[in-house]
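Reviewing the structure listed below.
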Amino acid sequence: MPQEVKLGHHVYHVVTVEDLKSGKMRGKNVVFEGIIEDKPVVEFLPMELPSYRTTFSVDGIRVEFSGSPCIKRGDRIRVYGRFLAGDLIATAIETDEAIYMAEE
């Protein structure tokens, strides 16, 4: 049974990238650590309530986050979120300096 951690109102399974790539954690709340491989892309979404979406890859896993965290290629981060169809929809990103949390 994987180790679990709590952040905010949710409990997350601590997993490895290999666990995610195997597909057995699909649909579950997970947390894993890794290094950002590419430059994060920050998009401004000027809909009714303006917001930002940031996408990037961590060790081959595509991550999408609602917000504009201060991160860059090469950073080691911890990502919390729900794993869906090969992508992680992040609810929080933890760096050495800060924790960025998306609104729920």
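The figures here come from the full heavy-atom set of this structure, side chains too, leaving out hydrogens, waters and symmetry mates. Keep in mind the model is a prediction, meaning the values are calculated, not measured.
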Those residues at least two apart in sequence (or on a different chain) that pass ring-ring contact (aromatic ring centres under 6.0 Å, His included) with Phe83 are none

With the side chain counted from C-beta on, respond yes when Asp19 and Phe32 share a heavy-atom pair under 4.5 Å apart, and no when they do not.
no

- Query: Would you say Ile99 and Val31 are hydrophobically clustered, going by side-chain heavy atoms of ILVMFWY under 4.5 Å?
  - Reply: yes

List the atom pairs, with distances to 0.1 Å, where a side-chain N or O of residues 54-73 and a protein N or O form a donor-acceptor pair under 3.5 Å, not counting sequence neighbours.
{"residue": "Thr54", "atom": "OG1", "partner": "Gly67", "partner atom": "O", "Å": "2.5"}
{"residue": "Arg62", "atom": "NH1", "partner": "Asp87", "partner atom": "OD2", "Å": "3.4"}
{"residue": "Lys72", "atom": "NZ", "partner": "Asp75", "partner atom": "OD1", "Å": "2.9"}

Distance col, row Arg82:CZ vs Met25:CE, nearest 0.5 angstrom, shows 10.5 Å

Cluster membership besides Leu84, Ile/Leu/Val/Met/Phe/Trp/Tyr side chains within less than 4.5 angstrom, sorted by chain and number, is Ile89

> Same cluster for Ile93 and Tyr52 if Ile/Leu/Val/Met/Phe/Trp/Tyr side chains link at under 4.5 Å?
Replying inline: no

For Lys6, is the NZ atom crowded, meaning more than 12 foreign heavy atoms sit under 6.0 Å from it?
yes

Rounding to 0.5 Å, atoms CD (Glu94) and CD1 (Ile77) come to a distance of 10.0 Å

Taken to the nearest 0.5 Å, the spacing of Leu20 CG from Lys28 NZ works out to 12.5 Å

Heavy atoms of Ala102 and Ala90 approach each other most closely as CB-O, 4.4 Å

(Q) Count I, L, V, M, F, W, Y as connected when their side-chain heavy atoms are under 4.5 Å apart, and connections chain through other members. Are Val11 and Leu7 then in the same cluster? (A) no

key: Cluster check Val42, Leu45: I/L/V/M/F/W/Y, side chain < 4.5 angstrom   = no

- Message: In the structure I gave you, are the side-chain heavy atoms of Tyr80 and Asn29 within less than 4.5 Å of one another anywhere?
- Response: no

*Output yes when a side-chain donor or acceptor of Arg76 lies under 3.5 Å from a complementary backbone atom of Ile35, and no otherwise.*
no

